[in-house]
Protein chains: 2
Amino acid sequence: MEFSLETLKQKLCDREYKLTPQRRIIMEAFTRNPEKHLSAEDVYGMVKQNNPEIGLATVYRTLDLFAELDILQKMDFGDGRSRYEFSASDVHHHHHLICLACGKVMEFEDDLLETLESAVEKKSRFRIVDHQLKFYGYCEKCGK
Amino acid sequence: MEFSLETLKQKLCDREYKLTPQRRIIMEAFTRNPEKHLSAEDVYGMVKQNNPEIGLATVYRTLDLFAELDILQKMDFGDGRSRYEFSASDVHHHHHLICLACGKVMEFEDDLLETLESAVEKKSRFRIVDHQLKFYGYCEKCGK
DNA sequence: GTATCTGCAAACTCTTTGCAAAAAC
DNA sequence: GTTTTTGCAAAGAGTTTGCAGATAC
């Protein structure tokens, strides 16, 4: 799936939500930073530059809404704030490498997990709808 | 590794920390619930029953300390509070199945990930020290 | 026009911190 | 005895909520 403005409009309309300037602007923040894992505060800082009147609460509400519409995926890297990126529910899953020294988050792709997922699903009688894999360690720069 | 009282004493002593009743009691809460993923509030509730004078801040400080000593592992299931269980850094890694309906957390064992880990390590030049795998879905009871 | 959405400020939850008294070694 | 540790209360961070005015459709 691709997340253009049209997709957003569609998804909002489907559920009787309105397309407001704030929602469009927040969407654009992600379109312009597709590879980043933005926190609410990050997004707020970015959108406030051109729209100083926007409220932080609106950012939070919009991120929640987008997560509910499966446009964004909420995630947690253990630093006490939630982060968001475009949902990848229907594309290849990617995972995260988190540097314990500098906090940098890198991504990697893998599909080995799909195999594991179906095995676990069978054994555990759990119906799995999503997974999250994080590796913690030290990036090249932080070495050691 | 096994986490007896002796281990605790040892680990504390090694780093010039003292063995206080509070620390012992909190340790016991985990020994009595080895399979649970306790939050600070959970632990507080449990230890307060026999030791009403204990403070929540002490619980937080102790959990932090135990995580630093690698006795406990801090983890996050996305519900806004940290959870702790005995560290498994030197034993087989286990992972979590989290029910999106009732919130129940189940565990499963797997070592397939070790293979993946070394592959990623080579490709990415990341030195990996830990990993976390979570599957989200619906448990048998919550069905669909 | 009407129901939704926004901005603001206040509230809320989880966690951390400062400090003086208490306790471990 | 000295240094660490505790309990309390207050502060802090991130997030949510109530409400009256503004806005999308």
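So that the names make sense, note that chain A is the first sequence line, chain B the second, and so on, each numbered from 1.
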Tell me every residue that passes salt bridge (Lys or Arg N to Asp or Glu O under 4.0 Å) with Asp64(B), counting only those two or more places apart in sequence or in another chain. none

Quick one: pull up NZ in Lys74(A) and OG in Ser87(A) and give me the separation to the nearest 0.5 Å. 14.0 Å

At what distance, to the nearest 0.5 angstrom, does OG of Ser82(A) lie from OH of Tyr60(A)? 7.5 Å

[X] [atom1] to [N] [atom2], straight-line distance once rounded to whole Å:
X	N	atom1	atom2	answer
Lys48(A)	dT6(C)	NZ	P	17 Å
Tyr44(B)	dT6(D)	OH	C1'	13 Å
Asp64(B)	dT6(D)	CG	P	12 Å
Arg81(A)	dT15(D)	CZ	P	8 Å
Leu69(A)	dC5(C)	CG	P	10 Å
Gln10(B)	dC25(C)	CD	P	14 Å
Asp79(B)	dG14(D)	CG	C1'	15 Å
Leu63(A)	dT17(D)	CG	C1'	17 Å

Shorter than 3.5 Å, N or O on both sides, protein versus nucleotides 19-24 of chain C: list them out with atom names.
from: dA24(C); atom 1: N3; to: Lys18(B); atom 2: NZ; distance (Å): 2.9

Can you give me every donor-acceptor pair (side chain of residues 37-45 of chain B, partner residue at least two apart or in another chain, under 3.5 Å) with its distance?
from: His37(B); atom 1: NE2; to: Glu85(B); atom 2: OE1; distance (Å): 3.1
from: His37(B); atom 1: NE2; to: His96(B); atom 2: NE2; distance (Å): 3.1
from: His37(B); atom 1: NE2; to: Glu107(B); atom 2: OE2; distance (Å): 2.7
from: Ser39(B); atom 1: OG; to: Asp42(B); atom 2: N; distance (Å): 3.1
from: Ser39(B); atom 1: OG; to: Asp42(B); atom 2: OD1; distance (Å): 3.3
from: Ser39(B); atom 1: OG; to: Asp42(B); atom 2: OD2; distance (Å): 3.1
from: Asp42(B); atom 1: OD2; to: Ser39(B); atom 2: N; distance (Å): 2.9

Determine whether Tyr136(A) and Leu97(A) make a side-chain contact, defined as any pair of heavy atoms from C-beta on separated by less than 4.5 Å. no

Presence of [X] side-chain N/O under 4.0 Å of [N] phosphate oxygens OP1/OP2:
X	N	answer
Ser82(B)	dC14(C)	no
Tyr60(A)	dT16(D)	no
Gln22(A)	dT23(D)	no

What pairs with Phe135(A) under ring-ring contact (aromatic ring centres under 6.0 Å, His included), at least two apart in sequence or on another chain? Phe108(A), His131(B)

With Tyr84(A), which residues qualify under ring-ring contact (aromatic ring centres under 6.0 Å, His included), at least two apart? none

For Lys36(B), the side chain to side chain donor-acceptor pair (under 3.5 Å) test, sequence neighbours excluded, returns Asn33(B)

Please identify each residue that fulfils side chain to side chain donor-acceptor pair (under 3.5 Å) with Asp79(A), with sequence neighbours left out. Arg83(A)

Listing request: all side chain to side chain donor-acceptor pair (under 3.5 Å) pairs with a residue in residues 12-31 of chain A, at least two apart in sequence or in separate chains. Gln10(A)-Asp14(A), Arg15(A)-Glu68(A)

Verdict with supporting geometry, Gln73(B) and Asp130(B), side-chain hydrogen bond (donor to acceptor under 3.5 Å, both in side chains): CA-CA 11 Å; Gln73(B) 182 165 14; Asp130(B) 194 16; 3.0 Å; yes

Can you list, by residue number, the residues of residues 50-57 of chain B that have a non-hydrogen atom closer than 4.0 angstrom to DNA chain D? Glu53(B), Ile54(B), Gly55(B), Ala57(B)

Please list residues of residues 23-32 of chain B whose heavy atoms come under 4.0 Å from any atom in DNA chain D, ordered by number; otherwise none. Arg23(B)

With a 3.5 Å distance limit and no angle check, can you tell me whether Thr62(B) reaches the backbone of Thr58(B) through a side-chain donor-acceptor pair? yes

Using a 3.5 Å distance criterion without hydrogens, assess whether the side chain of Asp76(B) forms a donor-acceptor pair with backbone atoms of Gly78(B). yes

For Thr58(A) and Lys74(B), find the nucleotide of DNA chain C closest to each by heavy atoms; which residue's nucleotide sits nearer the 5' end? Thr58(A)

Side chain to side chain contact (heavy atoms under 4.5 Å, CB included) partners of Glu6(B), counting only residues at least two apart: Ser4(B), Lys9(B)

Note the angle between the end axes of the helix from dG1(C)-dC25(D) to dC25(C)-dG1(D), five pairs defining each, rounded to 10 degrees. 40°

